[in-house]
**Q** 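Before I ask anything, here is the structure I am working with.
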Protein chains: 2
Amino acid sequence: MRPAAAMEPAGKGAKPHAGRPDAPAAADAERLIEAIELLFFGYRDFVSEPDEILAAYEFGRAHHRVVHFVGRNPGITVAELLDILRITKQSLARVLRQLIERGFVEQKTGEKDRRQRRLYLTSAGGELLDRLMAPQMDRVRNALAAGGPGGEVAWREVMLALLDEEHRPEVEQIISKEP
Amino acid sequence: MRPAAAMEPAGKGAKPHAGRPDAPAAADAERLIEAIELLFFGYRDFVSEPDEILAAYEFGRAHHRVVHFVGRNPGITVAELLDILRITKQSLARVLRQLIERGFVEQKTGEKDRRQRRLYLTSAGGELLDRLMAPQMDRVRNALAAGGPGGEVAWREVMLALLDEEHRPEVEQIISKEP
DNA sequence: AAAAATATGTCAACATGGCTGACATAAATT
DNA sequence: AATTTATGTCAGCCATGTTGACATATTTTT
């Protein structure tokens, strides 16, 4: 019942001639559902190692995200960070305050616009980020290698296409930094 | 500082001759970090549409996960569901109770082992799942198409390789159903 | 048959990290 | 001078995760 039912009432995808059992459409749905679940399981394992490391600091995933994006974007403003994380400033303020109090993040008043508080990792913050990132990099390196030659490019294209179209340019800009 | 520092202290990957600036290693790290971020942004957008649908039912992501895996695995036991979701039975009990009370999930005593409570979607549950799955299927269909021929296979391989090695056989079994 | 293990449920308490709403301040812009 | 912007903060609520303890029915083991 389930995999078939998942397509029928929705009825948005390819649906050649309704009524009779439709093997191609069912196989199509099956493929897509497996992909959906791969995303779920992949993400689940992907965050598991950082979660353990964070526990030793009494930090959570929210701290990880802040440390990651501040580390990757030194001098990022609060507004920019909110836009990436898609949370409210009150939620961000809580974890950011803890990170600052405990010396992992520091703020500097913007030079051009002195209303801004630009965010930077301290050296302790950089070390924490390294520890959090190491297992994720190992995992991703290994996974991309498994895709074979060309697999990495295809994987990236698919992941990018998974984004809302309106977000793609922004995300491409955020993820790519020139050293 | 950031992308380079992200590799140095970890020092597990390719690290030819330490000391001097290492352009290849930095480019390698950059590639991997971009992949890490693609996973973050991809997952963020991936759950955004279901979240909106769920809000209309006053349900959350936790309900989505239960409905999804019960729908895909009719007759699944509580223990099996706990193993997939990796949460405590107390956490599961809360959302499961709500789903049962509101008529989206039903339980049947196991025939062979009468201690088990086997879980099924009701017709309302099936309809909810269809609504939740539709935008995700559209999104994934579109994304896989963007990978070009062969891209889908490569994408799947990479996603599977992203899992903890010990989980791969189990996950492969969970995601693949014969109709 | 009795004992132990298993599958599930439940009560209670707590933590994290989302959210809304209201209000404050300093700096930039109009 | 007035308004807008960037940020901070207080207060409280909600969803969903956690631990620990204990209860019940059923199956398995001894």
Side-chain angles (χ1 to χ4, degrees), chain A residues 40 43-44 47-48 50-70 75-102 105-120, chain B residues 40 43-44 47-48 50-70 75-102 105-120:
Chain A
F40 170 79
Y43 198 81
R44 185 191 69 171
V47 296
S48 63
D51 278 356
E52 286 172 29
I53 296 168
L54 290 158
Y57 291 80
E58 297 186 284
F59 285 147
R61 267 182 220 179
H63 302 86
H64 184 181
R65 293 192 281 260
V66 171
V67 167
H68 180 100
F69 287 105
V70 170
I76 192 174
T77 66
V78 170
E80 289 164 344
L81 192 49
L82 286 174
D83 194 53
I84 287 175
L85 300 177
R86 300 284 182 80
I87 58 177
T88 59
K89 65 176 174 175
Q90 294 92 328
S91 293
L92 175 59
R94 192 158 32 199
V95 296
L96 195 50
R97 178 169 38 77
Q98 293 164 352
L99 287 168
I100 292 168
E101 278 173 358
R102 293 183 45 193
V105 170
E106 61 185 357
Q107 293 177 314
K108 293 180 187 168
T109 298
E111 294 200 352
K112 192 181 169 188
D113 184 338
R114 293 169 41 80
R115 289 171 305 182
Q116 295 175 337
R117 297 296 135 83
R118 294 188 168 272
L119 304 171
Y120 300 86
Chain B
F40 169 80
Y43 198 80
R44 185 192 67 174
V47 296
S48 63
D51 278 356
E52 286 173 28
I53 296 168
L54 290 158
Y57 291 79
E58 297 186 286
F59 284 147
R61 267 181 220 180
H63 302 86
H64 184 182
R65 293 192 281 259
V66 171
V67 168
H68 179 100
F69 286 106
V70 170
I76 191 173
T77 66
V78 171
E80 289 165 345
L81 192 49
L82 286 174
D83 194 53
I84 288 174
L85 300 177
R86 302 284 182 81
I87 58 177
T88 59
K89 65 175 173 176
Q90 296 92 327
S91 293
L92 174 58
R94 192 159 31 203
V95 296
L96 194 50
R97 178 170 37 77
Q98 293 164 352
L99 287 168
I100 291 168
E101 277 173 1
R102 292 183 47 191
V105 170
E106 59 185 358
Q107 293 177 314
K108 293 179 188 168
T109 298
E111 295 200 352
K112 192 181 168 187
D113 185 337
R114 292 167 44 78
R115 289 170 303 183
Q116 295 176 338
R117 298 298 135 83
R118 294 189 169 273
L119 304 171
Y120 300 86

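Residue numbering restarts at 1 for every chain, and letters A, B, ... go by the order of the sequence lines.
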**Q** Show me, pair by pair, the donor-acceptor contacts under 3.5 angstrom made by side chains of residues 106-114 of chain B, not counting sequence neighbours?
**A**
| residue | atom | partner | partner atom | Å |
| --- | --- | --- | --- | --- |
| D113(B) | OD1 | R115(B) | N | 2.9 |
| D113(B) | OD1 | R115(B) | NE | 3.1 |
| D113(B) | OD2 | R115(B) | NH2 | 2.9 |

**Q** Check every strand shown and say whether E80(A) touches a base, only sugar-phosphate, or nothing at a heavy-atom separation below 4.0 Å.
**A**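 No contact.
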**Q** Strictly below 4.0 Å, heavy-atom distances to any atom of DNA chain C: list the hits from residues 82-96 of chain B, or just say none.
**A**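 Going residue by residue through residues 82-96 of chain B, the ones with a heavy atom under 4.0 Å of DNA chain C turn out to be K89(B), Q90(B).
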**Q** Pick the nucleotide of DNA chain D nearest each of A62(B) and R114(B); which residue has the one closer to the 5' end?
**A**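 Final value for this comparison: A62(B).
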**Q** Find which nucleotide of DNA chain C each of H63(A) and D113(A) is nearest to by heavy atoms, and output the residue with the more 5' nucleotide.
**A**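 Going by which nucleotide is closer to the 5' end, it is H63(A).
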**Q** What are the bounds, 5' to 3', of the part of DNA chain C that sits under 4.0 Å from heavy atoms of chain A?
**A**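 The protein-touched segment is dG17(C) to dA28(C).
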**Q** Measure the shortest side-chain to side-chain distance between F69(B) and L81(B) over non-hydrogen atoms and say whether it is less than 4.5 angstrom.
**A**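 With C-beta onward as the side chain, the pair touches.
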**Q** Would you name the heavy atoms of F40(A) and L85(B) that are closest together and state the gap between them?
**A**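 Taking every non-hydrogen atom into account, CZ-CD2, 4.3 Å.
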**Q** For Y43(A), which residues count as a ring-ring contact (aromatic ring centres under 6.0 Å, His included) partner, sequence neighbours excluded?
**A**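 Counting only residues at least two positions away or on another chain, Y43(A) forms a ring-ring contact (aromatic ring centres under 6.0 Å, His included) with Y43(B).
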**Q** Mind checking what makes ring-ring contact (aromatic ring centres under 6.0 Å, His included) contact with H64(A), not counting sequence neighbours?
**A**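 For H64(A) there are no ring-ring contact (aromatic ring centres under 6.0 Å, His included) partners, ignoring immediate neighbours.
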**Q** Checking all strands, does R118(B) fall into the base, sugar-phosphate, or nothing category for heavy-atom contacts under 4.0 angstrom?
**A**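 Counting heavy atoms under 4.0 Å across all strands, no contact is made by R118(B).
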**Q** If I take atom CG in residue D51(A) and atom C1' in nucleotide dG17(D), what distance separates them, rounded to the nearest angstrom?
**A**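 Whole-Å distance recorded here is 11 Å.
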**Q** Mark yes or no for a side-chain to base donor-acceptor pair under 3.5 Å between R115(A) and dT5(D), with no hydrogen or angle criteria applied.
**A**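 Such a pair exists between side chain and base.
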**Q** OP1 or OP2 of dA15(D) versus the side-chain N and O atoms of R65(B): is any pair under 4.0 Å?
**A**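 For dA15(D), neither OP1 nor OP2 has a side-chain N or O of R65(B) closer than 4.0 Å.
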**Q** Quick one: are L99(A) and F59(A) in side-chain contact, heavy atoms under 4.5 Å?
**A**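 The answer is yes; the side chains approach within 4.5 Å.
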**Q** Would you kindly check if the NZ (Lys) or CZ (Arg) of R102(A) is within the cone defined by 45 degrees around the ring axis of Y57(A) and under 6.0 Å from the six-membered ring centre?
**A**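 No, R102(A) and Y57(A) do not form such a contact.
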**Q** I'd like to check the side chain to side chain contact (heavy atoms under 4.5 Å, CB included) partners of D83(B); sequence neighbours left out, ordered by chain and number.
**A**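 Testing D83(B) for side chain to side chain contact (heavy atoms under 4.5 Å, CB included), a comparison that skips the adjacent residues, returns E170(B).
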